Amino acid sequence: MILYPAIDLKDGKAVRLLRGDMDKATVFNDDPAAQALDFVAAGCEWLHLVDLNGAFAGQPVNAAAVEAILSQTQTPAQLGGGIRDMATIETWLSKGLARVILGTVAVENPGLVREAARSFPGQVAVGIDARGGRVATKGWAEETDVDATDLARSFEDAGVAAIIYTDINRDGAMQGPNIEATAALAHAVTIPVIASGGVSSLADLIALRDCGAALNGAISGRALYDGAIDLKEALAALRS
């Protein structure tokens with residue numbers, strides 16, 4: 001199982017939110033590229049980037065910070081937030097991004113997800129962010145009646161590289177991931193699933209790895225910044 005260190009970008013800085021609330025942001029690094037280099041030095045295989053402002057604006061906002069990360073590291077990175085048309089997808093992939101994450105458009109324009117997955121095999125993931133099993137969009141600001149598992153199943157034949165499932169109520173709360181819901185989603189589809197939200201200890205990572213579902217990876221942010229998870233130790237444990 002791959003561990004993805006998270007760099008969430010707000011106003012050009014690396015932050016963490018509490019349950020997706022932009023008014024409850026903690027700044028952890030004024031230099032996101034330096035933060036990325038720290039994670040890379042620890043041995044991570046991937047980086048998980050989120051343009052938080054972009055998710056609300058519907059277009060890239062923290063492009064400069066993302067470009068700095070891409071220019072200073074060779075580690076594959078995936079990015080979500082404000083990517084809602086083919087031109088933006090093409091632009092990011094041309095700049096060296098390994099994978100785009102499509103969230104809001106997965107609900108509002110699933111045809112775009114399918115088109116992108118066909119055009120860029122292995123480079124398109126679907127982000128499914130849910131509260132109580134229902135999908136939220138536009139930076140988690142808008143609730144929908146769409147069931148998370150139903151949405152995941154709808155892309156079974158689309159060729160997407162992964163599904164990134166976030167339990168919003170656990171995100172940034174350091175209360176542990178929703179293993180039951182994550183495992184249920186992973187069992188429901190053949191697409192690789194990456195767990196996100198609430199990973200706060202090495203024990204959480206081991207529990208996700210051993211939950212019996214086809215989990216491809218897990219994302220952690222605040223726990224790495226706070227020191228609750230030692231990245232080198234966690235990477236070694238997950239590889240053993």
Side-chain angles (χ1 to χ4, degrees), residues 4-29 32-33 35-36 39 46-70 73 76-110 112-113 116-117 120 123-131 135-144 148 151 160-168 170-172 194-197 217 219-222 225:
Y4 295 74
I7 301 177
D8 289 359
L9 301 164
K10 179 177 184 284
D11 305 332
K13 301 175 182 179
V15 309
R16 293 301 290 169
L17 305 184
L18 177 61
R19 300 185 179 93
D21 189 338
M22 287 286 272
D23 292 328
K24 295 179 180 177
T26 302
V27 176
F28 283 101
N29 201 319
Q35 183 62 62
F39 287 149
W46 275 85
L47 293 167
H48 175 76
L49 314 177
V50 181
D51 183 346
L52 294 170
N53 301 102
F56 285 91
Q59 61 187 14
V61 175
N62 287 285
V66 176
E67 289 171 11
I69 291 169
L70 295 178
T73 71
Q78 61 185 19
L79 170 70
I83 305 174
R84 297 181 191 169
D85 56 56
M86 188 61 81
T88 305
I89 294 168
E90 292 173 347
T91 295
W92 275 126
L93 295 178
S94 71
K95 291 186 179 200
L97 195 72
R99 190 155 67 199
V100 295
I101 304 167
L102 305 180
T104 295
V105 295
V107 175
E108 298 183 350
N109 187 5
L112 174 64
V113 176
F120 304 103
Q123 294 185 284
V124 176
V126 170
I128 297 180
D129 309 319
R131 287 189 185 93
V135 178
T137 61
K138 295 183 173 65
W140 305 350
E142 294 191 12
E143 304 285 344
T144 75
L151 182 61
V160 299
I163 288 172
I164 297 164
Y165 175 70
T166 303
D167 186 302
I168 297 170
R170 303 294 183 102
D171 194 69
I194 299 169
S196 177
I219 294 165
S220 183
R222 182 175 289 273
Y225 295 104

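Here the structure is a predicted model, which is why all the values come from computation and not from measurement.
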(message) Give me the atom names and distance for the closest heavy-atom approach of Ala106 to Val126.
(response) CB-CG1, 3.8 Å

(message) I need the Thr91 OG1 to Leu97 CG distance, nearest 0.5 Å.
(response) 11.0 Å

(request) For the residue pair Tyr225 and Ile7, establish whether any side-chain heavy-atom pair is separated by less than 4.5 Å. (result) yes

(request) Please report the shortest heavy-atom distance between Ile69 and Ala36, naming the atom on each side. (result) CG2-CB, 3.8 Å

Got a list of side-chain donor-acceptor pairs under 3.5 Å for residues 56-66, not counting sequence neighbours?
residue	atom	partner	partner atom	Å
Asn62	OD1	Gly12	N	2.7
Asn62	ND2	Leu9	O	3.3
Asn62	ND2	Asp51	OD1	2.8
Asn62	ND2	Asn53	OD1	2.8

(message) Do Phe120 and Met86 make a side-chain contact, defined as non-hydrogen atoms from C-beta onward lying under 4.5 Å apart?
(response) yes

(message) Could you measure the distance from the CD atom of Glu90 to the CD1 atom of Ile83? Nearest 0.5 Å is fine.
(response) 12.5 Å

(message) Has Ser196 got a side-chain atom pairing as donor or acceptor with Ile219's backbone, closer than 3.5 angstrom?
(response) no

(request) Locate the shortest heavy-atom distance separating Pro32 from Ala14; write the atom from each residue and the value. (result) CG-N, 3.9 Å

(message) To the closest 0.5 Å, what do you measure between CD (Glu143) and CD1 (Ile168)?
(response) 6.5 Å

(request) Please report the closest heavy-atom contact between Gly82 and Thr88, naming both atoms and the distance. (result) O-CG2, 4.4 Å

(request) State, yes or no, whether a side-chain contact exists between Asp85 and Asn109 at a heavy-atom distance under 4.5 Å. (result) no

(message) Please find the pair of heavy atoms, one from Ala98 and one from Gln123, that lie closest to each other, and give the distance.
(response) O-CG, 3.3 Å

(request) Please list all pairs passing the salt bridge (Lys or Arg N to Asp or Glu O under 4.0 Å) test where one or both residues lie in residues 92-106, with sequence neighbours left out. (result) Glu67-Lys95

(request) Might you point out which heavy atoms bring Ala116 and Ile89 nearest each other, and give the distance in Å? (result) CB-CD1, 3.8 Å

(request) Please round to the nearest 0.5 Å and tell me the distance separating atom CD1 of Ile163 and atom CD1 of Ile101. (result) 12.5 Å

(message) Return the CD1 to OG1 distance between Ile128 and Thr137, rounded to the nearest 0.5 Å.
(response) 12.5 Å

(request) Give, for atom CZ of Arg84 and atom NZ of Lys138, the distance between the pair rounded to the nearest 0.5 Å. (result) 6.0 Å

(request) For the residue pair Thr26 and Arg222, establish whether any side-chain heavy-atom pair is separated by less than 4.5 Å. (result) yes

(request) Tell me whether the centres of the aromatic rings in Tyr4 and Phe39 are closer together than 6.0 Å. (result) no

(request) Name all residues meeting the side-chain hydrogen bond (donor to acceptor under 3.5 Å, both in side chains) criterion together with Thr73; count only those two or more places apart in sequence or in a different chain, and write none if there are none. (result) none

